[in-house]
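Note sheet for the following structure.
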Amino acid sequence: NNISQSPGVDQLSNYYSFSADSSYLRNLLRNGDNLHLSGLVSYTDVNTSGTTTYVDTKATYYLFTNLTFGAGWNRIDYSENVTGNQDNIFGEIQWITSPFRRMSLVLSIKETIQDTDADIDRNIMEARSTLSYGLGKIIFNIEYRFTNEDTESSDTRTQFFYVKASRPF
């Protein structure tokens with residue numbers, strides 16, 4: 001319980017959360033594969049603004065050590081006097097490889113479908129590639145990200161290019 005004092009207003013909030021993870025399912029399609037399941041449920045009650053319920057589930061399948069498939073769903077429910085409840089469904093694929101010594105390449109694609117009660121539905125596609133190379137103690141990273149967001153009224157494309165050199169001390 002959290003109590004905050006404001007002039008003339010006392011706010012009381014309660015937050016409850018439960019999460020679970022499992023990596024029990026192994027060797028489903030081939031020797032060495034793994035299915036990781038996770039889930040989270042949280043409930044927040046604030047006496048001045050109402051309640052919020054959040055549910056999040058995700059399954060990630062590791063087919064090979066460098067190839068993963070993921071899918072999930074989450075939902076946010078607000079109290080009756082607030083709009084904006086939403087459901088998100090997503091699927092993703094990620095591939096990691098090391099073409100040369102001290103170099104890694106990560107390629108990923110993620111598709112998200114957002115459905116809201118405010119009739120602002122979105123379809124978001126994200127593609128990302130990251131190349132990392134270690135030269136001595138310096139690590140060089142190059143990242144490219146492309147995002148396409150479709151709604152009923154607009155289509156937005158974003159491209160992001162990032163170069164970074166770092167050295168741990």
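Numbering of residues begins at 1 and proceeds along the displayed sequence.
Scanning for side-chain hydrogen bond (donor to acceptor under 3.5 Å, both in side chains) contacts around Ser154 gives Thr151, with sequence neighbours left out. By the side-chain hydrogen bond (donor to acceptor under 3.5 Å, both in side chains) test, Glu152 pairs with no residue at all, sequence neighbours left out.
Note on Leu28: it clusters hydrophobically with Ile93, by side-chain heavy-atom contacts below 4.5 Å among ILVMFWY residues. Clustering ILVMFWY residues whenever any of their side-chain heavy atoms sit less than 4.5 angstrom apart, transitively, puts Leu107 in the very cluster that holds Met103. Note on Leu35: it clusters hydrophobically with Phe69, by side-chain heavy-atom contacts below 4.5 Å among ILVMFWY residues. The hydrophobic cluster containing Tyr144 also contains Met125, counting ILVMFWY residues as joined when their side-chain heavy atoms lie under 4.5 angstrom apart, directly or transitively. Leu29 and Leu37 fall within the same hydrophobic cluster, defined by Ile, Leu, Val, Met, Phe, Trp and Tyr side-chain heavy atoms under 4.5 Å apart, directly or through other members.
Once rounded to the nearest 0.5 Å, the distance linking CG of Asn66 with CH2 of Trp95 reads 7.0 Å. Atom CD1 of Ile76 is separated from atom CG of Asn88 by 6.5 Å, given to the nearest 0.5 angstrom. Atom CG in Asp115 sits 8.0 Å away from atom CD1 in Ile89 (nearest 0.5 Å). Rounding to the nearest 0.5 angstrom, the gap separating the OG atom in Ser129 from the CD1 atom in Ile142 is 9.5 Å. Between the OG1 atom of Thr68 and the CD atom of Gln94 there is a distance of 4.5 Å, given to the nearest 0.5 Å. A distance of 12.0 Å separates CG in Asn34 from OG1 in Thr65, rounded to the nearest 0.5 Å.
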Intermediate values then yes/no, side-chain contact (heavy atoms from CB on, under 4.5 Å), Thr147 and Ile124:
CA-CA 7 Å; Thr147 305; Ile124 303 166; 4.0 Å; yes
TODO: Output, in order, the C-alpha distance, side-chain angles, deciding distance and verdict of side-chain contact (heavy atoms from CB on, under 4.5 Å) for Thr116 and Asp121.
DONE: CA-CA 6 Å; Thr116 66; Asp121 299 337; 4.0 Å; yes
What verdict does the salt bridge (charged side-chain N to carboxylate O under 4.0 Å, His left out) test give for Glu92 and Lys58, after you've listed the backbone C-alpha separation in whole Å, the side-chain angles of each residue and the deciding distance to 0.1 Å?
CA-CA 11 Å; Glu92 59 189 340; Lys58 184 175 182 183; 3.0 Å; yes
Report task. Using the side-chain hydrogen bond (donor to acceptor under 3.5 Å, both in side chains) rule, take Asp87 and Trp73 through it: C-alpha gap first, then chi angles, then the decisive distance, then the call. Result -> CA-CA 7 Å; Asp87 285 290; Trp73 168 76; 3.1 Å; yes
Quiz prompt | Leu105/Ile96 under side-chain contact (heavy atoms from CB on, under 4.5 Å): CA gap, chis, key distance, verdict | solution = CA-CA 6 Å; Leu105 176 65; Ile96 303 169; over 6 Å; no
- [ ] Check the pair Ser132, Phe140 against side-chain contact (heavy atoms from CB on, under 4.5 Å), reporting the backbone distance first and the verdict last.
- [x] CA-CA 6 Å; Ser132 300; Phe140 297 96; over 6 Å; no
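Contacts classified as side-chain hydrogen bond (donor to acceptor under 3.5 Å, both in side chains) and involving residues 21-32 (residues at least two apart or in different chains) are given here: Ser23-His36.
Between Arg128 and Glu143 there is a salt bridge, with a side-chain nitrogen of the basic residue lying less than 4.0 Å from a carboxylate oxygen of the acidic one.
In the model, Tyr162 has no side-chain atom that pairs as donor or acceptor with a side-chain atom of Asn141 under 3.5 Å.
Here the side chains of Thr44 and Thr51 are not in contact, with every heavy-atom distance at 4.5 Å or above. Between Leu40 and Ser17, the closest side-chain pair of non-hydrogen atoms falls below 4.5 Å. Side-chain contact between Arg75 and Tyr54 is absent, with no heavy atoms from C-beta onward closer than 4.5 Å.
With Asn123 as reference, Glu111 is the one residue of Gln114, Glu149, Glu111 to meet the side-chain hydrogen bond (donor to acceptor under 3.5 Å, both in side chains) rule.
Atom CZ of Arg167 is surrounded by more than 12 heavy atoms from other residues, nucleotides or ligands within 6.0 Å.
Cation-pi geometry between Lys110 and Phe90 is met: under 6.0 angstrom from the ring centre, within 45 degrees of the axis.
Smallest separation of non-hydrogen atoms from Arg101 and Tyr133: O-CE1, 3.9 Å.
Note: Tyr43 and Tyr16 have parallel aromatic rings, judged against thresholds of 30 and 60 degrees for the angle between ring planes.
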